[in-house]
Amino acid sequence: MPKKILIVEDNEDSRELVVKVLKNKGYLTVEAVDGEDAIEKAMAERPDLILMDISIPKIDGYEVTKRLKSQEEFRDIPIVALTAHAMKGDREKIIVAGFEGYISKPINVRELPDQVKAYLRGKWESVLGGEDK
Ligand code: MN
C-alpha cells in the first residue's frame with residue numbers, strides 16, 4: 001500500500017511542485033489550501049504524513065497542528081512544518097505546536113524524498129538538534 005501524504009500549502013506553485021515530486025516517488029497525495037481545509041482533509045483522509053506550511057489562510061499551521069495533535073489519532077502521525085523562517089524563536093513555536101520537525105523552504109526537490117522517507121519511518125533529526133527521536 002503506498003503511503004498517503006497530505007500537503008498543506010496555499011501557494012499553488014509550491015504545492016504542485018511538492019505533489020509532483022512525491023507522486024513521482026509513488027506516494028498518494030492529498031492537498032489542502034488553508035487551515036480549515038487541512039483539518040477537514042486530515043480527518044477524512046487519515047494520511048500517513050502531513051507536510052504543513054505555516055503561513056496559510058484561515059487557521060495558521062501552528063494552530064492546525066495543535067488541534068490535530070490534541071486528538072489521539074494524530075499523536076503518531078508525523079506533522080512536518082514547511083517554513084522559510086526556522087529561526088530560534090520559530091523552532092520553539094514549532095516544538096510547542098507539536099510538529100515532529102520542519103523542512104526549510106525553498107524546498108530542495110532532490111532532498112525532499114529522503115526527508116519524507118525518514119519521517120515516514122519515524123526516524124528524523126529532532127528539531128532541538130542532533131539526536132534521532
Ligand atoms: Mn503560505
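Read the numbers this way: they start at 1 and go in the same order the structure lists the ligands and their atoms.
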Atom name of the N, O or S atom in D10 that lies nearest to the Mn ion (ligand 1): OD1

Heavy-atom pair of closest approach, residues G61 and I56: N-CG1, 3.8 Å

Non-hydrogen atoms of F74 and A42 that approach each other most closely: CZ-O, 3.4 Å

N, O or S of D53 under 2.8 Å from the Mn ion (ligand 1): yes

Presence of salt bridge, K69 and E100, under 4.0 angstrom: yes

Metal proximity, S55 vs the Mn ion (ligand 1), N/O/S cut-off 2.8 Å: yes

Flag if over 12 foreign heavy atoms under 6.0 Å of NZ, K4: yes

